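Written below as structure tokens is the structure these notes are about.
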Amino acid sequence: MAATTTTTTTPLGFVLPTGLSPRRGGFRFSLVRCSASPLTSSTASGTVEKPWSSYNARLVLEDGSIWPAKSFGAPGTRVAELVFNTSLTGYQEILTDPSYAGQFVLMTNPQIGNTGVNLDDEESEQCFLAGLVIRSLSISTSNWRCTKTLADYLTERNLMGIYDLDTRAITRRLREEGSLNGVLSTEQTKTDDELLQMSRSWDIVGIDLISDVSCKSPYEWVDKTDPEWDFNTNTRDGKSYRVIAYDFGIKHNILRRLSSYGCQITVVPSTFPASEALKMNPDGILFSNGPGDPSAVPYAVETVKELLGKAPVYGICMGHQLLGQALGGKTYKMKFGHHGGNHPVRNNRTGQVEISAQNHNYAVDPASLPGGVEVTHVNLNDGSCAGLSFPAMNVMSLQYHPEASPGPHDSDNAFREFIELMKRSKQSS
Ligand SMILES: NC(=O)CC[C@H](N)C(=O)O
């Protein structure tokens, strides 16, 4: 699809917008329908075939591009921020990762759905993301753990999914322009202009998305990683540690890994008072992953501040970003973030490189951090901060996902490091 800047009627019969001003300046694209193939062709009899007549959905991006697609999930109209994920597998974990609230996820892997879905790969009770965008929906579903097709799963969970659009072209656009807001719709009564306006009048920045996904009351977590799937078991010391896990949108696999390492876990809501947490006399506190803008949740940063120095703490992704702020640093929005299972990270202390699973659109600015806070890990793709430590207060955090669900397990040792931190702190008290 070639980009066009004309503002008249296109050869496809599409009327380009007049008087629409982009939410952010500088878009190179006007409202234009994008497709990999010509949309009409004449037959010998003179009738016009309409190959797009089976297209019953549209993705309209805030840059004015329109992507006709086919729906394979719930009908409706949703606005969200579009991000791309480069993981080859793990779409079910992605669908149930609460950190994707407020986002559409576009999978760059062209074929999705071939393993269906199963009962064990859920990362939370619900699908929190706004919709799934894929190139091709597998025509067959085949896996020994499969209990349902992806399409049935999405429909049951009232989640939108679209396929048969040029996901490579959209990914290139996101890489060039940065993250884009968009509207996904199956409603034919809504005009393209309406959907475009919707995408331009919405913003994920500055919104607290944590309160929608966090649990409402504390609960105990006991499940471990299934022994058949577990690895790295020889590093366990057989001791038990009492951990409070702040749920900012926690993934089950973080809890499973902590449990497998011997932690007795109480999961608490994002608004749980620090004073109550301390009354439970924890050996350590975990701040979980979670959706949205970390600078939009000052109440969570306050809680983290109150807990600093009182027990060893471990932050993962959103938890890392909250810790960064609690230590005096700032977060910023990245151009298009990191979402995938193949990000190289250097551990500055050992010099070793881990291939990691990542999912974030914000990062901690290392220049904003006070003295004594050490950047322990660096993302080798762009040099951004991927891990922090503040030994004086027994703080460790990672911007990425040691629980790696989906993803490679190179970083699993971070859970052992948290155990060591708790152990040392216990011995010295
Ligand atoms: N996985 C997460 O915790 C995401 C953190 C944060 N919402 C971001 O996008 O950067």
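On a predicted model such as this, the values are computed, not experimentally measured, just so you know.
Thr266 is linked by a side-chain hydrogen bond (donor to acceptor under 3.5 Å, both in side chains) to Glu220, Arg242, counting only residues two or more places apart in sequence or in another chain. For Thr303, the side-chain contact (heavy atoms from CB on, under 4.5 Å) partners are Tyr246, Ala274, Leu307, not counting sequence neighbours. Residues passing the salt bridge (charged side-chain N to carboxylate O under 4.0 Å, His left out) test with Arg58 are Asp192, sequence neighbours excluded. Residues passing the side-chain hydrogen bond (donor to acceptor under 3.5 Å, both in side chains) test with Asn109: none are found, sequence neighbours excluded. Considering only residues two or more places apart in sequence or on other chains, Asp120 meets the salt bridge (charged side-chain N to carboxylate O under 4.0 Å, His left out) condition with none of them. Listed by chain and number, the residues in a ring pair (Phe, Tyr, Trp, His ring centres under 6.0 Å) with His338 are His343, His360 (sequence neighbours excluded). Under the rule for a side-chain contact (heavy atoms from CB on, under 4.5 Å), Asp212 has no partner lying at least two apart in sequence or in another chain. Listed by chain and number, the residues in a side-chain contact (heavy atoms from CB on, under 4.5 Å) with Val378 are Arg346, Asn348, Val375 (sequence neighbours excluded). Applying the side-chain contact (heavy atoms from CB on, under 4.5 Å) rule to Lys148 yields the partners Val117, Asp152, Tyr153, Glu156; only residues at least two apart in sequence or on another chain are considered. Every residue meeting the salt bridge (charged side-chain N to carboxylate O under 4.0 Å, His left out) condition with Lys305, not counting sequence neighbours, appears here in chain and number order: Glu302.
Atoms CG and OG, from Asp283 and Ser425 in turn, are 8.0 Å apart once rounded to the nearest 0.5 Å. Between atom CG of residue Asn143 and atom CG of residue Asn118 there is a gap of 7.0 Å, rounded to the nearest 0.5 Å. A distance of 7.0 Å separates CG of Leu59 from OG of Ser65, quoted to the nearest 0.5 Å. Here the OG-CG distance, from Ser199 to Asp63, works out to 8.5 Å after rounding to the nearest 0.5 Å.
Surrounding NZ of Lys330 are at most 12 heavy atoms belonging to other residues, nucleotides or ligands under 6.0 Å away. Summarising the local packing, CD of Gln111 is surrounded by more than 12 heavy atoms from other residues, nucleotides or ligands at distances under 6.0 Å. The neighbour count for Arg145 CZ, taken as heavy atoms of other residues, nucleotides or ligands under 6.0 Å away, is above 12. Remark: Gln188 CD is packed, more than 12 non-hydrogen atoms of other residues, nucleotides or ligands lying under 6.0 Å away.
Across all their heavy atoms, Phe104 and Val79 have their closest contact at CZ-C, 4.0 Å. Taking all atoms of both residues into account, the shortest heavy-atom contact from Cys263 to Ile419 is SG-CD1, 3.6 Å. Closest approach of Ile162 to Leu165, counting heavy atoms only: CD1-CD1, 3.9 Å. Nearest heavy-atom pair across Asn289 and Cys317 is CB-CB, 4.0 Å. Summarising the geometry of Leu159 relative to Leu129, their closest heavy-atom pair is CD1-O, 3.1 Å, with the distance given to 0.1 Å.
Results of the salt bridge (charged side-chain N to carboxylate O under 4.0 Å, His left out) test with Glu403 over Arg257, Lys251, Arg256 single out Lys251 as the only residue that passes.
In this structure, a donor-acceptor pair under 3.5 Å is present between the side chains of Asp97 and Ser99. Side-chain atoms of Ser389 and Arg349 include a donor-acceptor pair closer than 3.5 Å. Remark: the Glu123 side chain and the Ser405 side chain contain an N/O donor-acceptor pair separated by less than 3.5 Å. Side-chain N/O atoms of Ser356 and Gln358 include a donor and acceptor closer than 3.5 Å.
A side chain to side chain donor-acceptor pair (under 3.5 Å) check over residues 74-86, counting only residues at least two apart or in different chains, returns the pairs Thr77-Ser185, Thr77-Glu187, Glu81-Gln103, Glu81-Lys333, Glu81-Asn361, Asn85-Ser87, Asn85-Tyr100, Thr86-Asn342. The list of side chain to side chain donor-acceptor pair (under 3.5 Å) pairs with a residue in residues 310-324, not counting sequence neighbours, reads His320-Ser397, Gln321-Gln399.
Using modelled atom types, no side-chain atom of Trp202 and backbone atom of Ile204 make a donor-acceptor pair closer than 3.5 Å. Checked by atom type and distance alone, the side chain of Thr186 never pairs as donor or acceptor with a backbone atom of Ala57 at under 3.5 Å. Ser214 places no side-chain N or O within 3.5 Å of a backbone atom of Ile210 that could act as its donor or acceptor partner.
A heavy-atom distance below 4.5 Å is not found between the side chains of Ile285 and Val243. Taking 4.5 Å as the limit, every side-chain heavy atom of Val133 sits out of range of all side-chain heavy atoms of Val105. For the pair Thr331/Gln325, a side-chain contact is recorded, criterion being any heavy-atom separation below 4.5 Å from C-beta on.
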| side-chain contact (heavy atoms from CB on, under 4.5 Å) between Thr96 and Arg157, worked out | CA-CA 11 Å; Thr96 51; Arg157 294 191 167 217; 4.1 Å; yes

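You'll find the ring centres of Tyr332 and Tyr362 outside the 6.0 Å limit.
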